[in-house]
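My questions all concern the structure below.
Computed from a prediction, not measured in an experiment: that's the story for all the values here. In what follows, chains are A, B, ... by sequence order, proteins preceding strands, each numbered from 1.
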Number of protein chains: 2
Amino acid sequence: MGEIREPLRELTECGLPMALEVMGERWSFMILRASFNGLHHFEEFLSELGIARNILSNRLGRLVEHGILGRQPMAEDRRKIEYRLTDKGMDLLPAMIALRQWGQKYGAEVVENPVLVDERDRLPIGPVSILSQEGRILGPEDLALVERANVGKRADGSQAEPVAPVSRGDTAIADGLRGAA
Amino acid sequence: MGEIREPLRELTECGLPMALEVMGERWSFMILRASFNGLHHFEEFLSELGIARNILSNRLGRLVEHGILGRQPMAEDRRKIEYRLTDKGMDLLPAMIALRQWGQKYGAEVVENPVLVDERDRLPIGPVSILSQEGRILGPEDLALVERANVGKRADGSQAEPVAPVSRGDTAIADGLRGAA
DNA sequence: GCAACTGGTTGCATAATGCAACTGGCTTTT
DNA sequence: AAAAGCCAGTTGCATTATGCAACCAGTTGC
């Protein structure tokens with residue numbers, strides 16, 4: 001089982017290649033989803049996903065290796081092994097859900113059941129979004145690529161300073177009414 | 001070039017399998033990133049990514065086929081063909097950036113250059129986030145999976161009604177001070 | 001016309017994936 | 001304590017994807 005494959009141009013100065021090293025493989029995201037959906041055992045993944053036995057074994061091994069899944073034999077039945085998402089694995093949720101939503105948007109008649117909802121009001125979640133540091137929702141036109149040295153330098157020459165970025169748990173939205181009409 | 005491969009369990013009632021059908025292949029995301037970064041031509045992708053010629057040809061073909069890239073010969077030099085992200089392709093940005101950020105977070109010494117910034121203040125963007133319909137930033141604990149029929153039914157029995165969801169361009173953040181101390 | 005450029009394709013080697021059958025540790029049944 | 005069954009994983013073999021190098025066709029510049 002050689003590791004000879006070229007490591008996807010790691011030099012390319014961004015985290016994508018590293019992320020794809022693990023998650024770019026067929027089934028990785030499906031296993032992640034299944035895991036998030038509450039599956040924890042080999043045979044569960046096997047029958048739920050319809051993946052080949054040896055591949056599942058291999059993928060689970062790699063996911064564990066990369067710290068995305070934790071693996072431990074269960075106390076009451078030591079034949080059974082429990083795979084569980086680590087924090088590192090949980091951090092893949094935005095990527096997974098973004099992909100999912102994209103597939104849903106363009107994927108003809110996908111009905112989504114069960115539905116992923118906000119625990120608080122049990123309504124479907126909104127779209128996974130790119131945010132500015134202050135939490136504005138950004139679209140493709142709002143993005144730019146600048147040299148590391150020029151970060152914060154505005155067109156008018158003034159220098160923007162970083163603010164305390166938003167983070168999870170923040171009430172994110174709305175200093176004004178939104179969209180709608 | 002058979003299409004015999006099992007279509008990744010499409011039945012699984014969510015958009016992921018469909019999304020992975022195209023983007024789950026090696027190089028797809030790297031090509032997307034390159035395309036977003038301003039590359040538009042075969043030879044550019046070739047030398048920038050270090051991908052094999054035939055594979056690049058194949059991947060570009062598939063991405064075009066799936067409407068993620070547009071393809072057209074250029075007017076002034078009809079040897080040259082221009083590949084350009086479609087809106088459908090642009091909609092993959094959150095997924096791509098989320099993956100990238102994840103890779104960055106866990107990928108040792110990745111320095112990211114050039115840096116992806118908010119056009120407005122030219123500061124680095126924040127993390128790609130899962131939002132509720134009203135724009136609250138949600139973490140894994142805030143998520144639940146419920147049967148389609150039970151959407152909106154809260155634990156106390158009351159029924160939540162959908163609100164106008166947030167959308168791009170919205171000022172998203174903050175009705176209270178954030179994190180920090 | 002001829003060389004060079006651009007975007008392919010083809011042939012062949014290697015790696016990844018899939019299927020089916022088998023192993024090895026553990027648990028339950030008898 | 002055998003026997004049978006379950007769970008996770010491995011092995012052998014076929015198919016598919018990927019990579020490398022060489023070749024091809026339409027354009028362009030000279």
Any Ser57(A) side-chain nitrogen or oxygen under 4.0 Å from OP1 or OP2 of dT10(D): yes
Between the protein and nucleotides 24-26 of chain D, list every N/O to N/O distance that falls short of 3.5 Å.
none

Separation of dT11(D) P from Ile55(A) CD1 (nearest whole Å): 14 Å
Presence of donor-acceptor pair under 3.5 Å, side chain of Arg26(B) and base of dA17(D): no
Set of residues satisfying side-chain hydrogen bond (donor to acceptor under 3.5 Å, both in side chains) with respect to Glu44(A), sequence neighbours excluded: none
Transitive ILVMFWY side-chain link Val151(A) to Leu131(A), under 4.5 Å: no
Test item: Gln133(A) side-chain N/O and Leu123(B) main-chain N/O as donor-acceptor pair under 3.5 Å: no
Touch class at under 4.0 angstrom, heavy-atom based, for Tyr83(A) against every strand present: sugar-phosphate
Closest-nucleotide ordering on DNA chain C, the 5'-leading residue of Ala75(A) and Ala52(A): Ala52(A)
Rounded interatomic separation in angstrom, taking NZ from Lys80(B) and P from dG8(C): 14 Å
Protein-nucleotide distance (Leu46(A), atom CG; dT17(C), atom P), rounded to Å: 16 Å
Same apolar cluster: Met74(B) and Phe42(B), side chain cutoff 4.5 Å: no
With sequence neighbours excluded, residues passing ring pair (Phe, Tyr, Trp, His ring centres under 6.0 Å) with Phe45(A): none
Separation of dC7(D) C1' from Glu43(A) CD (nearest whole Å): 5 Å
From dG18(C), dG7(C), dA21(C), nucleotide with atom closest to Trp27(A) side chain: dG18(C)
Rounded to 10 degrees, the angle between the two terminal axes of the helix from dG1(C)-dC30(D) to dT30(C)-dA1(D), each from five pairs: 10°
Pairing residues for Arg78(A) by the side chain to side chain contact (heavy atoms under 4.5 Å, CB included) criterion, not counting sequence neighbours: none
From dC7(D), dG19(D), dT17(C), nucleotide with atom closest to Ile51(B) side chain: dG19(D)
Shortest non-hydrogen separation from Met30(A) to Leu49(A) and the atoms involved: O-CD2, 4.0 Å
Euclidean distance, atom CG of residue Asn58(A) to atom C1' of dT17(C) [Å, nearest integer]: 10 Å
Counterpart residues, side-chain hydrogen bond (donor to acceptor under 3.5 Å, both in side chains), relative to Glu82(A) (two or more places apart): Arg84(A)
Spacing between Ile81(A) atom CD1 and dG24(C) atom P, to the nearest angstrom: 16 Å
Heavy-atom closest contact (Lys153(A) atom, Gln159(A) atom, distance): CG-OE1, 3.4 Å
Ile31(A) CD1 - dT17(C) C1' separation (whole Å): 13 Å
Comparing Asp77(A) and His41(B) on DNA chain C - which has the more 5′ nearest nucleotide: His41(B)
Closest listed nucleotide, where the reference is the side chain of Arg59(B) and the choices are dG19(D), dT18(D), dG7(C): dT18(D)
Atom-to-atom span, CG of Asn54(A) to P of dA15(C) - whole angstrom: 17 Å
Where Val111(B) and Arg148(A) come nearest, the two heavy atoms and their spacing: O-NH1, 3.0 Å
